[in-house]
Each structure stands twice: as structure tokens, then as C-alpha cells.
Amino acid sequence: MKNYLVTGALGFAGSKLVKKLLCLDFNIIGVDIKEEYSAKYKNYKYYKGDLRDLNFVDFLFKKCGPFDGIFHFAVQKSDDNFLEQDLRNINEMFGNNVISTYNLLAKASARRKIKFIYASSISVYGEVKYLPVDEEHPLIPKDFYGFTKYLGEECVKYGSKMGYVQGIILRYPGMFGIGSNYGAIYLYTSKCLRNETVEVYGGGKPRKDYIFVEDVAESALLAMRSEIKEDFDIFNISGLDPDNLPPPTLKEIAEMVIKNFDKGKLIINDNKPAEPVNIYFDGSKAKKILGYKPTPIELSIKKYVKEMKELKRGKNE
């Protein structure tokens, strides 16, 4: 039975990945800095700990290894401009997104070479030079979060070059699904659930890349199973079919959400949209090499809205 380490195991995407792996009868070691995990599975062990602590990472490898692969999904996000954050937040984000990655690679170096899946972000691109954004697009992070994810990628690249791991970078756009309270699709759905008007900025024209969290888990599994010959590779994991670009506008996304409620009012305003106004991936490389194909956005929105309705009913009962 394959033995995998999943960091960020209680997080939004990491928890979905753990559930998917358990359904496939793998042995899973889950790690997070959050509260203890109480559910019992014969092939799942959870450890609460800080990956910035090299002693804890050493314990994981000695106690639970050897690993057949590592899914590194632990992350600390922030929506604030890093210049406006206090030094404590800066140090924590750097430690959680960079030092933790280095520590895992350092301990992996003493073992047999394994596959290391690193969950990165569309934020590493920052300023958009052309569309769709492919893996060769310049990296110009515009916030400290994007900068730390870029540095994490560089750690994996170095570890791969030194022969510690086979590093695979998966860059994700904005995620949505049960468990995340962020992003346009969540906002529009929440408004409809409260029978409120859905308001879309920027004249409804911006085009963004959104990925359903279940597709995130699927892409990570495909990457782990892939027969990639290179020691290091990078993939943009899009929520969009690369043969059907550009993506829908925010107005069209809002209309998809409202359609699944059979009611709702939409207002379009001219408020200035956040930069970059338009950003979406070219996912053709992941499709060709990994065999990854995202769920059509209208279907993933339909499933998400259904799950949100059920969640609300459960809270009201």
C-alpha cells in the first residue's frame, strides 16, 4: 500500500485531497497546525505540529516514513498588502510558506528520491503580460503571499536539482467549494442564499480563472501518478478547458449562480475591478501530460450551489 504524507491536511484543499486518497485505499499521514482530527480510519493517521520546526519534521519521517510521495498543501494566505502588515505576520507567512517547504525537502534528502507535489498559486504571476497565462509567463508577484509562494517553488526547484526529490509545481487559480468563504462564486452564492441582490463590479466584464476544489484534489493525484521523466516540472492547473477560452465574464458567472436558484436579481456596477482585471490559465500542458481535465464551470457551479443549499438546510433544522 502506498504511503503518502499530506501537509495542510485540515485545510480547504488538503482535506478534500485526504478524502480522495482514503477512498483509493492509500495509507495517509496527515499533518496540520490546527486542532486534533478525531475521525478514525484504519489507514489514516493525523499529527498536529508545526512544519517550521525541523525536529517535528524529522519525527514525521522517522515515525511514519518512508513515504512514497509528499503532497505539500500547507499554506498561510493573506489578503493584505505586505507593506501594511506587521512584522509578526510577515515572519509567520514566510515561515509557513517557505521554511516549512525547505524543512520537508531537507529531510527528504536523506531518503530515497520521492515525488514532491507542491501546491502553488496563480499569485506568483502577478502582473499579466499576455493571456492565457502559460508556464513560461514571467513571474512578477505583486503581494507578499505571491512572493512567498514563488520562494517555495524555488526551494522545490533547488531540491530537485540536488536530487532530493522529483518536484512538481501545481499552480492553482482561485478555488471554490464547501469550506471556503472567499471569492466571487462564494459571494454570489451567499447573496442568493440570503435572497439579496447580486452585485458585480467592473461592468461585469472581468474574466477570471476559478477551479472547483474537487478538481484540485484530482489534479494532485494525477500529478503523483504521472510518469514524468524530468526531475522538475511546472503545471498551470486551470478550472477551464484550454480548448474553450476565454472564460465567462463575471456577469456570466453570476448569471450561472442565479440560474441555479431559479430567482435572484443582478446589478452591474462600474466600480473599478481589482488588478489584474483579467487573468486565466492556459491549461494545455496539464491536459497533455497529466491527463487533467477540469469539470465544466457551469456544472461545478451547479454542484456547489446544491451543496450550499443542503448545508444551509442542515443548519436550519
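Everything quoted here is computed from the prediction, not taken from an experiment. One-based numbering along the sequence shown.
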### Query
Can you find a heavy atom in the side chain of Ile140 that is under 4.5 Å from one in the side chain of Lys129?
yes
### Message
Tell me if a side-chain donor or acceptor on Asp209 pairs with a main-chain N or O of Phe281 at a distance below 3.5 Å.
### Response
yes
### Message
Quick check against the 3.5 Å criterion: does Asn91 have a side-chain atom that pairs as donor or acceptor with the backbone of Phe94?
### Response
no
### Query
If we ignore angles and hydrogens, is there a donor and acceptor under 3.5 Å between the side chains of Asn236 and Ser238?
no
### Query
Ile117 versus Leu170: any side-chain heavy-atom pair under 4.5 Å?
yes
### Query
Would you say the side chain of Val156 lies within less than 4.5 Å of the side chain of Glu154, judging by non-hydrogen atoms?
no
### Query
NZ of Lys205: more than 12 outside heavy atoms within 6.0 angstrom?
no
#### Entry: Within 6.0 angstrom of Phe59 CZ, more than 12 heavy atoms from elsewhere
yes
### Query
Could you state the interatomic distance from CD1 (Ile258) to CD1 (Ile301), rounded to the nearest 0.5 Å?
11.0 Å
### pair Lys149-Pro141: side-chain heavy atoms closer than 4.5 Å
no
### Tyr125, OH: over 12 other non-hydrogen atoms inside 6.0 angstrom
yes
### Query
Any cation-pi pair here, Lys19 with Tyr44, using under 6.0 Å and within 45°?
no
#### Entry: Side-chain donor-acceptor contact under 3.5 Å, Ser300 with Tyr210
no
### Query
Taking side chain as C-beta onward, heavy atoms only, is Ser15 less than 4.5 Å from Leu10?
no
### Query
Does Lys303 pair with Glu214 as a salt bridge, N-O distance under 4.0 Å?
yes
### Task
Validate the cation-pi geometry between Lys2 and Phe26: distance from NZ or CZ to the six-membered ring centre under 6.0 Å, angle to the ring axis within 45°.
no
### Lys251 with Glu255: basic N within carboxylate O range, under 4.0 Å
yes
### Message
For Glu127, is there an ion pair with Lys142 - N to carboxylate O distance below 4.0 angstrom?
### Response
no
### Message
Looking only at the aromatic ring of each residue, does the gap between the centers of Phe67 and Tyr4 stay below 6.0 angstrom?
### Response
no
#### Entry: Backbone N/O of Ile169 and side chain of Ser120: donor-acceptor pair under 3.5 Å
no
#### Entry: Carboxylate-amine/guanidinium proximity below 4.0 Å for Glu153 and Arg171
yes
#### Entry: Atom OH of Tyr102 with >12 non-hydrogen neighbours under 6.0 angstrom
no
#### Entry: Whether Phe212 and Tyr304 hold their rings parallel, tilted or perpendicular, with breakpoints at 30° and 60°
perpendicular
### Message
Would you compute the distance between atom OG of Ser219 and atom CG of Leu17 and round it to the nearest 0.5 angstrom?
### Response
8.5 Å
### Query
Do Lys263 and Asn195 have side-chain N/O donor and acceptor atoms under 3.5 Å apart?
yes
### Query
For the atom pair CD1 (Ile70) and CG (Leu5), what is the distance rounded to the nearest 0.5 Å?
5.0 Å
#### Entry: Asp243: salt bridge (Lys or Arg N to Asp or Glu O under 4.0 Å) partners, not counting sequence neighbours
Lys287
